[in-house]
Novice: 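For reference, the structure I am asking about is given below.
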Protein chains: 2
Amino acid sequence: MVANPRRKRTAARRGEAAPAQDARVARREKRRVAILDAALEQFAARGFAATRLDDVARRARIAKGTIYLYFRDKESLFQELVRTMLSPLVGTIEAAPLSEVPIRAVVEMIVDVFVREIYGTRRKDVIRLIISEGPRFPKLADIYYREVIARVLPVIRARLSLAVKRGELSSDALARFPQLLVAPALVAIIWNGLFGRMAPLDIGELMRAHLELLFGERGAT
Amino acid sequence: MVANPRRKRTAARRGEAAPAQDARVARREKRRVAILDAALEQFAARGFAATRLDDVARRARIAKGTIYLYFRDKESLFQELVRTMLSPLVGTIEAAPLSEVPIRAVVEMIVDVFVREIYGTRRKDVIRLIISEGPRFPKLADIYYREVIARVLPVIRARLSLAVKRGELSSDALARFPQLLVAPALVAIIWNGLFGRMAPLDIGELMRAHLELLFGERGAT
DNA sequence: ATATTATGACTGACCAGTCAGTCATTTTTG
DNA sequence: CAAAAATGACTGACTGGTCAGTCATAATAT
C-alpha cells in the first residue's frame with residue numbers, strides 16, 4: 001500500500017490521528033483476536049487435523065471466508081496462535097532480576113512463573129498443542145524453539161552456572177540440564193490432560209516436593 | 001468363536017495338534033502383527049486423524065478391506081496397538097526383585113527399564129501417541145491408566161514408602177510423587193521428538209544428572 | 001464342493017479453500 | 001449540504017479432493 005495523500009491532508013487539518021482509520025484498525029485487531037481465541041479453543045479440544053474452520057468461524061461469530069482475510073490458511077492460523085500466545089512470556093524471564101538474588105529464590109521464581117503463567121492459563125493448552133502437533137509440523141517446533149527455548153534456556157543456564165561457580169550449588173547437574181527444573185511441571189500438564197479425571201495431580205504439591213528434593217527441606221513459601 | 005468340532009476330531013484321530021488349523025492360526029497372527037506394525041509406523045508419523053488406512057494396508061502388503069477382518073474400525077486398531085505394545089512391559093516391573101535390594105539400585109533399575117525398554121524401542125512412539133492423542137480419546141487414556149499406570153505406580157510407591165520407613169530416604173517427596181522419578185525421561189522423549197534435529201538431548205547423561213540430584217554424587221554405573 | 005479369507009472399486013460424508021456478490025462506511029463531487 | 005462513487009470488509013454457496021467403511025467378487029484352503 002502506498003501512502004494516501006488524502007489521509008495525510010485530513011489528519012494535518014484536524015491535528016489528530018484520522019479517527020475513521022483508527023476505528024478500522026481497532027476493529028480489525030479485535031476480529032483477529034476473536035479468531036485466535038476461537039481457534040485455540042477448537043485446536044485444543046480436537047487437535048489440528050480434526051478442527052473444522054467452519055467451527056472456528058462459528059465460535060468467532062463470523063463467516064468462514066473471513067478467516068482467510070486474516071490468515072493465509074489453516075496452518076498459518078495455527079502458527080500465529082502459538083506465536084501470539086507464547087512470545088510475550090519470554091520477556092518476563094529475560095527481564096527478571098538476574099544474579100542479585102540467591103539461587104534458591106531464582107529457581108522458585110522460575111518454577112512459579114511456569115506454574116502461574118503457563119499451567120494457570122490457557123497457555124498450557126498451547127504447550128499441549130506443541131507437544132502433540134510439533135512432531136508433524138517442523139515449522140511449528142522451529143518457531144517455538146527459536147522464539148522461546150533458545151531465548152530462555154541460555155539465561156537460566158547461565159544463572160545456574162554462576163551459582164555453581166559461587167558455590168551456591170554443590171552439583172552442576174542442573175546447570176548442565178536446566179530441563180530438569182521444569183520437567184515435573186511439564187509432566188503435570190500432560191498427566192492432568194490424560195488422567196485428570198481419575199487421578200488429578202496437584203501441581204503445587206508436586207513442585208514443592210520437587211524443590212525439596214533439589215534443595216532439601218522447606219524454604220520460603 | 002465357538003470350538004470347531006472338525007478340529008477336535010482331526011486332532012483325536014492323528015494324536016497331534018491339528019497342523020492345518022495351527023498353520024491357519026499362525027498365519028492369522030502374523031497378519032495381525034503386520035497390520036499393527038504398519039499402523040504404528042503410520043500413526044507415529046502422522047497422528048491418528050491424518051493416517052490413511054490405505055497407507056497402513058500398503059505398508060502391511062494387504063488390501064484395505066483385510067484390515068476390517070482383523071479390527072473393527074480405525075479406533076479399535078489404534079487401541080489394540082497401544083494395548084499390545086505396552087501391556088507386556090508391566091510384568092517386568094511387577095515381577096522385579098522388590099524389597100531385597102537397596103533403594104538406589106531399585107531406582108536405577110526403574111530408570112534403566114524406562115530408558116532401555118521404552119526410550120530405546122518403538123514403545124517411545126506409543127508413549128508419544130498417548131500423550132498426543134490421549135486427550136481426544138478418553139477411552140485410550142483409560143486403557144493406559146488401567147493397564148499400565150494403575151498397576152505399576154502402586155508397586156513403585158510402596159517400595160519408596162518402605163525406603164522412607166527404613167531410613168533409606170531422608171525425604172518422602174519421591175514416595176508421594178513417584179512421577180518425579182521418570183519425569184525427566186518423559187521430557188527427553190518429548191524434547192527429542194520436537195527439537196532432536198537442532199539440539200538433541202542425551203537421555204543417558206540427563207538421567208545420570210537426575211540421579212545425581214536425587215542421591216548425590218556418583219553411584220554404581 | 002464348500003467354507004474361509006482376501007480384494008479393491010465404490011459410496012457417501014466431510015471439509016479446506018475460493019470467489020462472485022452484498023452492504024455499511026467513507027470520500028468525492030457539484 | 002446531499003447525492004454519487006468508491007472502498008474493502010464480509011458472506012456463504014460451491015468445488016475439488018479425500019478417506020473410512022462396505023460389499024460383490026475372486027482366490028485359496030480344506
Side-chain angles (χ1 to χ4, degrees), chain A residues 1-14 17-35 38-39 42-43 46-79, chain B residues 1-2 4-11 13-14 17-32 34-35 38-39 42-43 46-79 137:
Chain A
M1 301 228 180
V2 176
N4 181 343
R6 266 185 286 112
R7 188 196 176 289
K8 219 170 183 174
R9 184 176 50 89
T10 309
R13 176 156 53 89
R14 310 273 313 272
Q21 217 77 356
D22 284 6
R24 265 236 203 103
V25 170
R27 184 180 155 79
R28 228 187 126 74
E29 184 55 22
K30 228 175 110 189
R31 277 261 147 115
R32 205 187 127 87
V33 170
I35 295 172
Q42 292 294 308
F43 283 140
R46 325 170 89 77
F48 179 82
T51 286
R52 282 160 301 193
L53 290 191
D54 273 313
D55 288 347
V56 173
R58 185 152 353 106
R59 281 256 163 215
R61 301 165 161 288
I62 57 171
K64 181 161 67 145
T66 307
I67 293 175
Y68 289 85
L69 300 176
Y70 288 80
F71 302 93
R72 189 157 28 74
D73 57 17
K74 196 181 177 186
E75 197 175 328
S76 290
L77 170 60
F78 189 46
Q79 282 173 26
Chain B
M1 302 222 181
V2 176
N4 181 342
R6 262 184 294 112
R7 188 197 178 294
K8 217 169 185 173
R9 184 174 51 85
T10 308
R13 177 154 52 89
R14 310 274 312 273
Q21 216 75 358
D22 284 8
R24 242 230 276 278
V25 170
R27 183 180 153 78
R28 223 185 131 73
E29 185 54 23
K30 227 175 113 189
R31 276 256 149 119
R32 203 187 129 87
I35 296 172
Q42 291 296 307
F43 283 140
R46 325 171 88 78
F48 179 82
T51 286
R52 282 160 301 193
L53 290 191
D54 273 312
D55 289 347
V56 173
R58 182 151 357 106
R59 281 257 162 212
R61 301 165 160 286
I62 57 172
K64 181 162 69 147
T66 307
I67 293 175
Y68 288 86
L69 300 175
Y70 289 79
F71 302 93
R72 187 158 28 76
D73 57 17
K74 195 182 177 186
E75 197 175 327
S76 290
L77 170 58
F78 190 47
Q79 282 173 28
F137 295 98

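Everything numeric in this text was worked out from a predicted model, so none of it was measured. Below, read A as the first sequence line, B as the second, and so on, with proteins coming before strands; counting in each chain starts at 1.
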Novice: For A:Arg59, I'd like to know if atom CZ has over 12 heavy atoms of other residues, nucleotides or ligands within 6.0 Å.
Specialist: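 Open.
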Novice: Just N and O in the side chain of A:Tyr70: are any of them under 4.0 Å from OP1 or OP2 of D:dC10?
Specialist: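 Answer is yes, contact under 4.0 Å.
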Novice: Would you mind telling me which of D:dC10, C:dA16, C:dA6 lies closest to the side-chain atoms of A:Arg52?
Specialist: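 Nearest to the side chain of A:Arg52 among the choices is C:dA16.
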Novice: Within the pair A:Arg27 and D:dG8, is there a side-chain N or O less than 4.0 Å away from OP1 or OP2?
Specialist: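 No, because none of the side-chain N or O atoms of A:Arg27 sits under 4.0 Å from OP1 or OP2 of D:dG8.
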Novice: Verify side-chain contact (heavy atoms from CB on, under 4.5 Å) between B:Phe43 and B:Lys74, making sure each step is shown before the conclusion.
Specialist: CA-CA 11 Å; B:Phe43 283 140; B:Lys74 195 182 177 186; 4.2 Å; yes
Novice: Which word best sums up how the rings of B:Phe137 and B:Phe78 line up, parallel for under 30°, tilted for 30 to 60°, or perpendicular for over 60°?
Specialist: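 Rings of B:Phe137 and B:Phe78: perpendicular, as their planes differ by over 60°.
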Novice: Which comes earlier along DNA chain C counting from the 5' end, the contact point of A:Ala50 or that of A:Arg72, where each point is its nearest nucleotide?
Specialist: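 Nearest nucleotide further toward 5': that of A:Ala50.
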Novice: Taking atom P of C:dA16 as reference, at what distance in whole Å does atom CD of A:Glu75 sit?
Specialist: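 It is 13 Å, rounded to the nearest whole Å.
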Novice: Please report the closest heavy-atom contact between A:Leu77 and A:Leu53, naming both atoms and the distance.
Specialist: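 Distance-wise, the nearest heavy atoms are CD2-CD2, 4.2 Å.
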Novice: Please confirm whether the backbone N or O of A:Phe71 pairs with a side-chain atom of A:Ser76, one donor and one acceptor, at under 3.5 Å?
Specialist: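 Looks like no, no N/O pair under 3.5 Å.
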Novice: Any side-chain N or O of B:Arg31 below 4.0 angstrom from OP1/OP2 of C:dA6?
Specialist: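 So the side chain of B:Arg31 is within the cut-off, an N or O lying under 4.0 Å from OP1 or OP2 of C:dA6.
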Novice: Taking all non-hydrogen atoms of both residues into account, name the closest pair between A:Gln42 and A:Thr51 and its distance.
Specialist: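 Scanning both residues completely, I find the closest heavy atoms to be O-OG1, 3.2 Å.
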Novice: Can you list, in residue-number order, the parts of residues 53-67 of chain A that come under 4.0 Å of DNA chain D, counting heavy atoms only?
Specialist: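 Those residues are A:Ile62, A:Ala63, A:Gly65, A:Thr66.
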Novice: To the nearest Å, give me how far apart CG (B:Leu69) and C1' (D:dA27) are.
Specialist: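 To the nearest whole Å, that distance equals 14 Å.
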Novice: Give the rounded distance in Å between these two atoms: CZ of A:Phe48 and P of C:dC15.
Specialist: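 Distance, rounded to whole Å: 14 Å.
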Novice: Looking only at the side chain of B:Tyr68 (C-beta and beyond, no hydrogens), which of the listed nucleotides C:dT18, C:dA6, D:dA20 gets closest?
Specialist: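 Of C:dT18, C:dA6, D:dA20, D:dA20 is nearest to the side chain of B:Tyr68.
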